[in-house]
Amino acid sequence: MFQIIDLEYLLIGCLFSKDSSNEFLIETFKSAFKLLDVKQDSFEKVPYIIYASKEYFEHNSKQKINKRDNHSQSEISFYEDEGIMIYDGIYASAFGEMKYVYRSKGMRIYYCKDGELKILTSHSTIDNEGFQLCQELVNSFMVKDINSIDQIIEILHVYIDANQEFNIQLALQKFLKSLTHIVKPFKKAYFIEYLLFPPDVHYPSDFSLKLKDELWTLALSSKFKEHWDINIQNEVISLLSHLGINPNYNVIINFLKNTATSNTEILEKIEQLENNLVNIIEKENIIEFKPNIGGLGFNGNEAFRRLQNFYKKYFL
């Protein structure tokens with residue numbers, strides 16, 4: 001079971017990360033990994049080098065390959081600890097167009113079972129020489145030892161396009177979105193499945209499905225509304241839908257069933273959802289979601305104070 005306080009930090013932190021204390025931002029970031037530690041079904045081997053020469057494929061197609069040839073013509077090696085890929089930033093590499101079957105590069109971030117965040121640079125080619133993927137370690141952090149905003153910025157920088165100015169709020173929002181889109185582990189039957197995820201194996205992990213449901217259950221709860229008021233509840237609803245984190249129909253049904261006691265209240269709740277559930281993901285890139293809470297004089301430090309009080313009041 002996820003801790004409410006960790007879910008709360010993620011939601012409120014993505015709304016009020018600007019003009020917030022470093023302590024608030026650090027707690028917001030670290031809360032995500034407490035959630036990942038609870039449900040560990042998404043951990044799998046982290047690839048380091050995946051290689052198969054053209055001879056491997058030629059011999060294999062002729063069914064002449066033996067164990068000695070197989071070893072010399074292919075390699076599959078992994079990092080020591082299993083991990084979850086929480087960010088996949090590979091893209092088709094420029095230059096060499098139509099000279100390769102495929103060529104890519106980019107960054108990937110894995111969260112490992114021992115609490116280490118691995119930032120890897122990924123390079124791959126598929127051409128007449130065969131298939132190769134190399135993911136080299138460029139930096140790593142133990143999550144428990146992260147205690148400065150500079151460390152968090154260094155990690156989250158990969159979520160922002162190179163031609164964009166770094167924005168902590170946008171980066172945190174993309175970070176939250178990536179947690180709800182972790183791919184469910186599957187048995188790799190082809191070399192390319194270490195690089196790309198075909199539709200027949202591209203399913204959301206149990207962790208991501210559970211995280212989506214619990215974020216929405218919390219955001220729509222009476223306790224959340226009572227503590228933060230309806231304006232902030234509406235902003236959280238808008239934020240989640242803006243990021244493409246859509247509610248399960250069961251969550252909506254429970255929201256209506258548990259918070260509305262008359263036909264009038266049901267209509268009011270439906271109207272609240274209609275007014276705040278947005279569908280503006282028309283482009284692949286996420287634009288920054290800016291809360292529009294007029295007249296409240298609200299800031300990140302006040303959010304941090306309320307968050308601590310909320311947890312003490314309801315969950316201690």
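All heavy atoms count here, side chains included; hydrogens, waters and symmetry mates do not.
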Would you call the rings of Phe191 and Phe131 parallel, tilted or perpendicular, where under 30° means parallel and over 60° means perpendicular?
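Rings of Phe191 and Phe131: tilted, 30 to 60°.
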For [X] and [Y], indicate whether the former's side chain and the latter's backbone hold a donor-acceptor pair under 3.5 Å.
{"X": "Tyr79", "Y": "Leu137", "result": "yes"}
{"X": "Ser178", "Y": "Ile86", "result": "yes"}
{"X": "Ser205", "Y": "Val183", "result": "no"}
{"X": "Gln132", "Y": "Ser124", "result": "no"}
{"X": "Gln135", "Y": "Pro47", "result": "yes"}
{"X": "Lys225", "Y": "Ile230", "result": "no"}
{"X": "Glu235", "Y": "Asn231", "result": "no"}
{"X": "Lys174", "Y": "Tyr159", "result": "yes"}
{"X": "Ser208", "Y": "Ile182", "result": "yes"}
{"X": "Tyr87", "Y": "Val158", "result": "yes"}

Would you check, one step at a time, whether the test ring pair (Phe, Tyr, Trp, His ring centres under 6.0 Å) holds for Phe29 with Phe175?
CA-CA 9 Å; Phe29 182 74; Phe175 174 58; 5.2 Å; yes
Decide side-chain hydrogen bond (donor to acceptor under 3.5 Å, both in side chains) for Ser21 and Glu23; before the verdict, give the C-alpha distance in whole Å, the side-chain angles of both, and the deciding distance to 0.1 Å.
CA-CA 5 Å; Ser21 68; Glu23 182 185 5; 5.0 Å; no
Sequence-distant partners of [X], side-chain contact (heavy atoms from CB on, under 4.5 Å), two or more places apart:
{"X": "Glu44", "result": "Pro185, Lys188"}
{"X": "Phe43", "result": "Gln40, Glu82, Ile84, Tyr111, Lys113"}
{"X": "Pro198", "result": "Glu193, Asp200, Val201"}
{"X": "Asp114", "result": "Asp81, Cys112, Glu116"}

May I ask whether Tyr9 and Ile153 are part of the same hydrophobic cluster, defined by side-chain heavy atoms of I, L, V, M, F, W, Y residues being less than 4.5 angstrom apart, directly or through others?
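Tyr9 clusters together with Ile153.
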When hydrophobic residues are tied together by side-chain contacts of less than 4.5 Å, even through go-betweens, does Leu209 share a cluster with Phe197?
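Cluster IDs for Leu209 and Phe197 differ.
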Applying salt bridge (charged side-chain N to carboxylate O under 4.0 Å, His left out), which residue pairs with at least one partner in residues 135-158 are found, sequence neighbours left out?
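Listed once each, the pairs would be none.
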Sorted by first residue and then second, give each salt bridge (charged side-chain N to carboxylate O under 4.0 Å, His left out) pair with at least one member in residues 83-96; sequence neighbours left out.
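For residues 83-96, and leaving out neighbouring residues, the salt bridge (charged side-chain N to carboxylate O under 4.0 Å, His left out) pairs sorted by first residue read Asp88-Arg108.
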Taking the six-membered ring of Phe78, is the NZ or CZ of Lys45 close enough (under 6.0 Å from the centre) and on axis enough (within 45°)?
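Yes, a cation-pi geometry holds between Lys45 and Phe78.
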Counting neighbours of OH on Tyr190 that are heavy atoms of other residues, nucleotides or ligands and sit closer than 6.0 Å, is the number greater than 12?
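No, because the 6.0 Å sphere around OH of Tyr190 holds 12 heavy atoms or fewer from other groups.
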Out of Leu36, Ile155, Leu117, Asp37, which one pairs with Val143 under the side chain to side chain contact (heavy atoms under 4.5 Å, CB included) rule?
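For Val143, the side chain to side chain contact (heavy atoms under 4.5 Å, CB included) check succeeds only for Leu117.
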Lys210/Glu214 ion pair, N-O < 4.0 Å:
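A salt bridge links Lys210 with Glu214.
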Between CD on residue Gln173 and CG on residue Leu243, distance to nearest 0.5 Å:
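Result: 5.5 Å between the selected atoms.
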Could you tell me if the side chain of Leu179 sits less than 4.5 Å from the side chain of Leu35, heavy atoms only?
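Counting from C-beta outward, Leu35 and Leu179 never come under 4.5 Å.
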